[in-house]
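The structure appears right after this line, and notes come after that.
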Amino acid sequence: MKARVLSGIQPTGSPHIGNYLGALKNWAKIQYDYDSIYCIVDLHAVTVYQQPAELRAKIEELAGMLLAIGIDPLHSSLVVQSAIPQHAELAWMLTCVTPLGWLERMTQFKAKSQAQETIGDGILQYPVLMAADILLYQAAIVPVGDDQSQHLELARDIAQRFNSLYGETFTMPATHLPTVGARIMGLDDPQKKMSKSETGSGHAVSLLDPPAVIRKKILRATTDSNPAVEFDSPAGHPGPGVRNLLTIFQAFTGWSDDNTQAHFTGMRYGDLKKQVAEAVISALEPIQTRYQEIMADRGFIARVLANGAERITPIAQDTVNKVKKAMGLYSDS
Ligand code: AMP
Ligand code: TRP
């Protein structure tokens, strides 16, 4: 039997090249080697207010995008989290074995709670629900970007604690990061992770941006005061902005470090940016074409999501039954 892979993405904002290079590209790549489940995590999205009609539309659009980047519904189960109630059910049981201190230590919790006046309990519980997503299917491998590493460590801690309290129940999930592109930075500010929630127009390249917009955003990307690309210079070049552009280039083209250095050494930043922009445009073009085709058949998307849920619900129910039995909760199965 193939090992199981599970990952998730929130249906908020517009998926960008950071999501693609950090996670989605890997999802499509490894799906044939594993039994794969990819989840649109709408219950995570509502930890902050979402305009209902917009959220509903974004779920379908994200499903269309995941199919467009190559998730193959004949091999992978593509599902919406809230369609499978066992996610929320298991999350409660895991909440009860999770010390509050573990959750308060999460970097994302600290950042999000500092930015808001009132903090919803969902923001604190967020990583427990994420642990439930993973443990529900006994996933062995979780392909994510670097920003999720801490949440995954927590998922392992929760699994371990449950197993030691109630007996071996959960598989320990391993984090799977891409070798290049695990953390793509904002184009406007290379100190900040590229994020869906940043609204600045020069911050992120959306997977649906037309070529002219991609060119404009990349040509305006923040670099440094050096005029041309240098590697490992005593002055610390390349700086973070140039490094980020080179990472984007390498992640899209698959070029090695040696080839990249040989090609770009001494190149003026303007030319570097043009070449990065063209690499991004040509990689996104086929995805955008497929996306338009897929979105013209909403019935297809609905069938894919329904089939995915039907295929994996028995696995989720089996785990919930096991957990209930282990904990002594009432169950007639
Ligand atoms: P999210 O948009 O937060 O639902 O993230 C979906 C996936 O994209 C997760 O696996 C993240 O780790 C990954 N991701 C998000 N932003 C970035 C980024 N700037 N660089 C690399 N991976 C990212
Ligand atoms: N928290 C993840 C993010 O924001 C999304 C997510 C939810 C996830 N459940 C998951 C990722 C399970 C991997 C596995 O990116």
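Not measured: the values here are computed from a predicted model. Read the numbers this way: they start at 1 and go in the same order the structure lists the ligands and their atoms. FYI, side chains are in, hydrogens and waters are out, and symmetry mates aren't considered; it's all heavy atoms of this structure.
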Please write down residue, atom name and distance for the protein heavy atom closest to [atom].
atom: atom 5 (C) of ligand 2; answer: G8 O, 3.6 Å
atom: atom 10 (C) of ligand 2; answer: M130 CG, 3.5 Å
atom: atom 15 (O) of ligand 2; answer: Q148 NE2, 3.2 Å
atom: atom 9 (N) of ligand 2; answer: D133 OD2, 2.6 Å
atom: atom 1 (N) of ligand 2; answer: Y126 OH, 2.8 Å

Examine the proximity of ligand 2 to [X] and report which part, side chain or backbone, both or neither, has a heavy atom under 4.0 Å away.
X: L129; answer: neither
X: D147; answer: neither
X: L152; answer: neither

* Of all the heavy-atom pairs spanning A159 and F170, show the shortest one and how long it is. =>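 Heavy-atom minimum between the residues: CB-CB, 4.1 Å.
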* Nearest 0.5 Å please: distance from the OG atom of S113 over to the CG atom of L124. => 8.5 Å
With atoms numbered from 1 as shown, which atoms in ligand 2 lie under 4.0 angstrom from a non-hydrogen atom of [X]?
X: V144; result: 11 (C), 13 (C)
X: L6; result: 12 (C), 14 (C)
X: V41; result: 7 (C), 9 (N)
X: V142; result: 13 (C), 14 (C)

* Check whether more than 12 heavy atoms from other residues, nucleotides or ligands sit under 6.0 Å from atom CD of E310, and answer yes or no. =>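 No, not enclosed.
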* To do: Would you indicate whether K324, at its atom NZ, is surrounded by more than 12 heavy atoms from other residues, nucleotides or ligands within a distance under 6.0 Å?
  => yes
* To do: Establish, yes or no, whether a centroid distance under 6.0 Å links the rings of Y137 and H87.
  => yes
* Sequence-distant partners of P286, side-chain contact (heavy atoms from CB on, under 4.5 Å), two or more places apart -> R290
* Using heavy atoms and a cut-off under 4.0 Å, could you grab the residues that are in contact with ligand 1, chain by chain, numbers ascending? =>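 The answer is I9, Q10, H16, G18, N19, G22, A23, V144, G145, D147, Q148, G181, A182, R183, I184, K193, M194, K196, counting any residue whose heavy atom sits under 4.0 Å from ligand 1.
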* Identify which one of Q148, R156, Q150, E153 satisfies the side chain to side chain donor-acceptor pair (under 3.5 Å) criterion when paired with T175. =>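 Of the listed options, the one satisfying the test is R156.
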Would [X] and [Y] show up in the same hydrophobic cluster when neighbours are defined by side-chain heavy atoms closer than 4.5 Å?
X: Y269; Y: I214; answer: yes
X: L100; Y: I123; answer: yes
X: I134; Y: L103; answer: yes

* Polar contact flag for H151 and ligand 2 (N/O pairs, less than 3.5 Å) -> no
* Q86 versus T319, side-chain donor and acceptor atoms under 3.5 Å -> no
* Verify whether one side chain among Q250 and N259 offers a donor that lies under 3.5 Å from an acceptor in the other. =>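 Result is no, nothing qualifies.
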* Structure fact -> Out of Q81, H44, Q10, H176, the nearest non-hydrogen contact to atom 7 (C) of ligand 2 is supplied by H44
* What orientation do H263 and F249 show, parallel under 30°, tilted 30 to 60°, or perpendicular over 60°? ->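 Ring orientation of H263 relative to F249: parallel.
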